[in-house]
Each structure stands twice: as structure tokens, then as C-alpha cells.
Amino acid sequence: MGSPSFFFRLFLFITCLVHLLYFLSVYGWGLYSDRSHIVTGNLTILLWHWPFGPSYSLKGDVCWDRYRITGCRLVDQRSLYPSADLVVFHHRELMTGQERLPFHLPRTRHQKWVWLSLESPDNNGDLKPFNNVFNCTMSYRRDADFTIPYGKLVPKDRDTGNYSRTENVIPKNKSPLACWVVSNYNPQQKRSLVYNSLRESIKVEVYGQWDGRVLAPSNLLPTISRCYFYLAFENSISKDYITEKLWRNAYQAGAVPVVLGPPPNDYMAVAPPNSFIHIENFTSTKELGNYLSQLILNKESYAGYFAWRRSHQVKVYTDWRERLCSICPQYHILPAQKVYRDLEAWARWGHQVR
Ligand SMILES: *[C@@H]1O[C@H](CO)[C@@H](O)[C@H](O)[C@H]1NC(C)=O
Ligand SMILES: *[C@@H]1O[C@H](CO)[C@@H](O)[C@H](O)[C@H]1NC(C)=O
Ligand SMILES: *[C@@H]1O[C@H](CO)[C@@H](O)[C@H](O)[C@H]1NC(C)=O
Ligand SMILES: *[C@@H]1O[C@H](CO)[C@@H](O)[C@H](O)[C@H]1NC(C)=O
């Protein structure tokens, strides 16, 4: 039998070793590190130009003051470029040629250039000129370095409302069966084909520019809340592309979303089970129409689609500052070095390119 103190010392040694390895894996260690270098103090994020033009105030400690995120310094003065840990470029202005990448400025070893876009691949144009430039991606994609969804569900504050029955969280006075808001109608798009076929079996109320029934922003949610279903049909079908049509127009308004977009698995990854109806689940629009007409006759089944509303509420992201501040809590999990050699392949086909 060995002496107990030997085993005790062995135990201590292994414990220390495990801790050491843990800290190395978390904080990185020189060449062996696979993580981003540790920023002491604040992480400086430079927004090279504001998306779509309008700028917002970055006075004070904006990430802390507005979103309670610490250690995050968000700036938009280009003179701060040399000290920036990350430089964020919104794609639209690069694509149109309104803004250019500052290739003439040296990059420090750790500085990362971030490609930012909330558009689907169909609306990003040719990305080949941007190959071999960016170190990070920022988009709605779940596999982007910084994921910025259009919306999500968050736990509800427990002190408001009555959670005892699901029916209590469903808006009352519903009448049109399904509603659709569409501003750019293109008869060739899949969503238009589905709409035209679906309205042969159920009543679909259409609003928006296309039909000349434009809803004022303050009228949008109250109008949709009177519909049993909302056609949350995306204008572009691609991986993870799930927009405010789901989060705001359907969930927030209180209509059950009938979704057309990426495959069911993409929705299931971000939305509660049994909270939406995916058109791919039906072999025809007639079958879908029948399902919808039957569903509203069964109050309990219909109410089941709102079960999440007892415990959760919708958060929709609209402020670029909030999206940019969200970089900070996601930063530490990035690899130290990464280059998107083929941004086009990543954006269009979802290839992971390092
Ligand atoms: C980080 O930013 C805050 C708010 O702007 C500031 O008060 C603090 O001194 C900064 N810390 C460092 C280490 O620069
Ligand atoms: C919540 O709703 C249930 C059923 O409608 C009702 O019996 C109950 O009194 C309500 N509770 C509160 C606190 O309003
Ligand atoms: C698809 O159909 C299956 C089987 O009827 C059902 O369990 C599931 O909830 C449906 N999913 C969606 C997204 O409609
Ligand atoms: C960022 O990308 C550039 C351009 O390809 C590359 O030279 C640089 O090493 C990368 N930096 C990091 C921190 O990944």
C-alpha cells in the first residue's frame, strides 16, 4: 500500500494540472492559443460607416448605458483606427462603391476586420472582390462569428399579465383567416405562387404597397393581431434567413405564423416548437388551407401555438448600436487568426472557410 500522503500529493498535482489546462484553454497562451488575444481594458469597436446613412449618438459608455454590456467601447471616428480591435464594415455601402476599404492603412496583428450584412445572399451582389479581406462575419446566420438575429424570444418579466391560461395571451376579435403584408410583389417568386394557390382554398387578406392598402407603422400590429394566421413569407430563401416577418409581424402581433423560408430545422433552432406552421410540412396548398381552416375550429389546438407567450416575449432588434455592442460578449470565443478566403462561398453556400 502506498502512503496516503503520496496519493494526496498526486491528487493535488492533478488538480493543479487540470486548473492550469483550463486557464490556458480559456485565456490562451502565446503561440498555442486558438483564442483571440486578451484585450486588457475595453474592446474598441470602430464602425467605419453607418449602415444606410443615418448615424446615432455614441456619447458616453453607450454599450453600458443602453444595454448593460461592460468593457465595450463603440466608436465611429476613423482617426481611432490604429487603436481599434475590430473595424466593422457594413456591406451595402461597399457594394455600391459609396465607401471603400482602407487597404492603405496598416493592420495590427490582432486587428480584425468585420463584414456586416443583414441581407440574404441574393441581395449582397458579387462578393468575390471581398475574398481574403475579412477576419469575421456578422450576420443573422447562426454560424457567423457574430450572430445578430432579426429577433428572438426572451423570458417574460414575471410581474405583468396573467399566465394561468394560454387563451389569455391570444388577441381577441379575430376575423380574417390569414393575412399577408407585401410591399414588393413579384409574381415569379415562390411566395407569390404559394399565395395565389393558397387563396383558392382559404381567405387571405392582403395589405401593403402592392395592394394599395398600406398600413401605417402604428396600425401594423393591431391589424395583424386580428388575423388567425400571418403569412411570414420571406422574399429570399436561404439558410437561417428569418426576418422580422416572423418575430414582429406574426409573433409580436399575436397571429400564428405560416412560414415560407429556410427549412423547418432552421426555424426549430430559434423558435419554440409548435409555434409556427411550415409550408414544407404539407404536400399541397390545398392541404395547408384545410389544415388552417380546421385548426381555428379547435380552440385548444389553436391556442397551443401560443403556449410560449405565457413565459416568453419577443425581442426585435432594430438599433445598430445594440447589434454592435453584442460583439463584445461574443468576442472571446473567436479564434485568434481567421481569414475568409472565399466570402462568396461562405455567404452563398454556407461553406466554413478559414
Ligand atoms: C473603459 O471605458 C469606460 C467607459 O468609457 C471608462 O470609464 C474606463 O476607464 C475604460 N477602461 C479602460 C481600461 O480604458
Ligand atoms: C387569471 O386568469 C384566470 C382564468 O381566466 C382567472 O381565474 C384568474 O382570476 C386570473 N388571475 C389574475 C391575477 O388576474
Ligand atoms: C409538421 O408535421 C408534423 C407531423 O404532423 C408535426 O408534428 C409538426 O409539428 C409539424 N411541424 C410544423 C413546423 O408544422
Ligand atoms: C485578417 O485578415 C488579413 C487579410 O487576409 C490577414 O492578413 C490577417 O492576418 C488577419 N488577421 C487576423 C487577426 O486574423
Side-chain angles (χ1 to χ4, degrees), residues 24-49 55-91 93-95 99-117 124 126-139 141 143-147 319-348 351-354:
L24 286 181
S25 71
V26 171
Y27 296 108
W29 190 17
L31 278 179
Y32 303 101
S33 164
D34 192 30
R35 304 281 188 209
S36 280
H37 83 291
I38 298 310
V39 174
T40 45
N42 297 317
L43 190 70
T44 300
I45 302 171
L46 168 61
L47 179 63
W48 194 250
H49 52 262
S55 62
Y56 298 87
S57 165
L58 297 181
K59 285 212 181 68
D61 186 350
V62 65
C63 294
W64 172 255
D65 296 344
R66 298 180 68 99
Y67 312 112
R68 290 293 178 258
I69 292 172
T70 55
C72 211
R73 179 172 168 239
L74 185 57
V75 297
D76 60 1
Q77 299 101 307
R78 293 185 181 180
S79 59
L80 296 172
Y81 175 89
S83 66
D85 299 294
L86 299 115
V87 188
V88 179
F89 300 93
H90 185 246
H91 177 69
E93 292 74 21
L94 299 177
M95 181 178 93
E99 297 287 350
R100 282 170 198 285
L101 290 163
F103 286 122
H104 58 288
L105 298 175
R107 288 196 220 185
T108 64
R109 219 178 113 241
H110 298 301
Q111 189 181 70
K112 295 175 198 296
W113 285 17
V114 184
W115 180 79
L116 165 61
S117 173
N124 278 331
D126 181 11
L127 291 177
K128 284 190 205 75
F130 304 102
N131 288 344
N132 267 316
V133 172
F134 293 101
N135 308 106
C136 310
T137 49
M138 185 168 185
S139 96
R141 283 258 298 270
D143 59 352
D145 296 301
F146 305 117
T147 301
D319 195 313
W320 288 102
R321 290 172 295 191
E322 182 166 24
R323 296 182 179 121
L324 292 160
C325 291
S326 80
I327 286 179
C328 291
Q330 300 183 63
Y331 179 78
H332 67 283
I333 56 168
L334 290 184
Q337 292 281 325
K338 185 171 184 176
V339 180
Y340 280 81
R341 298 194 192 291
D342 194 342
L343 185 64
E344 170 88 12
W346 180 82
R348 190 162 290 279
H351 292 178
Q352 195 51 262
V353 193
R354 294 218 160 181

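Start at 1 with the first residue, then count along the sequence. Just so you know, ligand 1 is whichever comes first in the structure, and atom 1 is the first atom listed for that ligand. When reading the values below, keep in mind they use all heavy atoms of this one structure, side chains included, and skip hydrogens, waters and symmetry mates. Please read all numbers here as calculations on a predicted model, not as lab measurements.
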Worksheet item: Are the charged groups of D145 and K112 less than 4.0 angstrom apart, N to O?
Response: no
Under 4.0 Å from one or more heavy atoms of G41, ligand 1 contributes atoms 13 (C)
Residue set satisfying ring pair (Phe, Tyr, Trp, His ring centres under 6.0 Å) with F130, at least two apart, ordered chain then number -> H91
The protein heavy atom nearest to atom 1 (C) of ligand 4 is N135 ND2, 1.6 Å
Checklist entry - Would you say the SG of C325 sits less than 2.5 Å from the SG of C63? => result yes
Nearest non-hydrogen contact to atom 10 (C) of ligand 1 from the set T70, D61, N42 belongs to N42
For C136, the disulfide (SG to SG under 2.5 Å) test, sequence neighbours excluded, returns none
* To do: Kindly state if atom 5 (O) of ligand 4 has a protein heavy atom within a strict 4.0 Å cut-off, that is, under 4.0 Å?
  => yes
Note: K338, heavy atoms under 4.0 Å from ligand 4, region reported as backbone
Discussion item. I'd like to check whether K112 has a polar contact with ligand 4, where a contact means an N/O of the residue lying under 3.5 Å from an N/O of the ligand.
Written reply: no
Query raised in the report: So is N132 polar-close to ligand 4, meaning N/O to N/O under 3.5 Å?
Result: yes
_Here's one to test your reading of the geometry: is the NZ or CZ of R68 within 45 degrees of the ring axis of W64 and under 6.0 Å from its centre?_
yes
Checking heavy atoms under 4.0 Å, the part of R107 that sits near ligand 4 is side chain
Review point. Are W113 and F89 near enough that their ring centres are under 6.0 Å apart?
Key: yes
Atom 9 (O) of ligand 4: closest protein heavy atom, distance to 0.1 Å, is Q337 OE1, 3.2 Å
Heavy-atom side-chain proximity of T44 to L80 below 4.5 angstrom
no
Checking heavy atoms under 4.0 Å, the part of V339 that sits near ligand 4 is side chain
- Query: Can you find a non-hydrogen atom of A336 under 4.0 Å from ligand 4?
  - Reply: yes
Q) Does H110 reach the main-chain N or O of D85 with its side chain, forming a donor-acceptor pair under 3.5 Å? A) no
